[in-house]
Amino acid sequence: GFERSGLTGRGRSAVVVEFGQYVLEDDVRAYTAGFGLPPLNLVQTVLDGPLDALAPGAEATLDVETIAGMAPGIERLTLITAPVRTEGEFLTYALMVYAGALDARITGGRLPDAVSSSWGFACEPELQPVEFVDAMEAIFQTAAVAGVTVVAAAGDQGSSECTSRQ
């Protein structure tokens, strides 16, 4: 297993990017205890509002618990979220949330080793407006130069997201 590989996440940190939801910490405690994992140092940050203004979310919880299971020695996991209800809010907050993932003031005094998001954006040719795409590209390039790995879901249809289904 992971324990024998030495790849436990020890000394590492990560950020989970979410929109419109947060994690119920009791659920995460039950998950880690149930699998005999150490307690997770989870810090949740809401950009532009209080945590209780959002709803707890299964997707956010699964993302956090997956990292806790794969990297049980992780030093800190920061969940960054924002109150997103419309596409316009998403376009605004996506930039803020991803930029926040590269802000050491939010992530515990240093840049994270990885940023994870289970939110897909859409087919690349359909992403609009171009200014949003350019701004996201600049954030991802900044992460790459800083040595921060960014991973994102392939979308609900995986690699065939952009392929019409017959």
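Residues take their numbers from the sequence shown, with the count starting at 1.
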If I compare all heavy atoms of [X] with all of [Y], which pair ends up nearest, and what's the gap?
{"X": "Ile106", "Y": "Ile80", "value": "CG2-CD1, 3.7 Å"}
{"X": "Ala143", "Y": "Val150", "value": "CB-CG2, 3.7 Å"}
{"X": "Ala60", "Y": "Tyr22", "value": "CB-O, 4.0 Å"}
{"X": "Thr107", "Y": "Ala101", "value": "CG2-O, 3.5 Å"}
{"X": "Leu111", "Y": "Asp103", "value": "CD2-N, 4.4 Å"}
{"X": "Pro83", "Y": "Val46", "value": "CD-CG1, 4.4 Å"}

Q. Side chains of Leu54 and Gln21: does their closest heavy-atom pair fall under 4.5 Å?
A. no
Q | Close side-chain approach of Val97 to Thr81, heavy-atom, < 4.5 Å | A | no
Q | Steps toward side-chain hydrogen bond (donor to acceptor under 3.5 Å, both in side chains) verdict (Ser13, Glu75) | A | CA-CA 6 Å; Ser13 66; Glu75 186 176 297; over 6 Å; no
Q.
Is it the case that the side chain of Glu65 and the backbone of Tyr31 share a donor-acceptor pair, with hydrogens and angles ignored and the cut-off at 3.5 Å?
A. no
Q. Just by modelled atom types, is the Arg85 backbone N or O under 3.5 Å from a matching donor or acceptor in the Glu89 side chain?
A. yes
(Q) With rounding to the nearest 0.5 angstrom, report the CG to CD distance, Leu77 to Gln44. (A) 9.0 Å
Q | Separation between CZ of Arg12 and OG1 of Thr149, rounded to the nearest 0.5 Å | A | 9.0 Å
Q: On the 0 to 90° scale, with breaks at 30° and 60°, tag the Phe132-Phe90 ring pair as parallel, tilted or perpendicular.
A: tilted
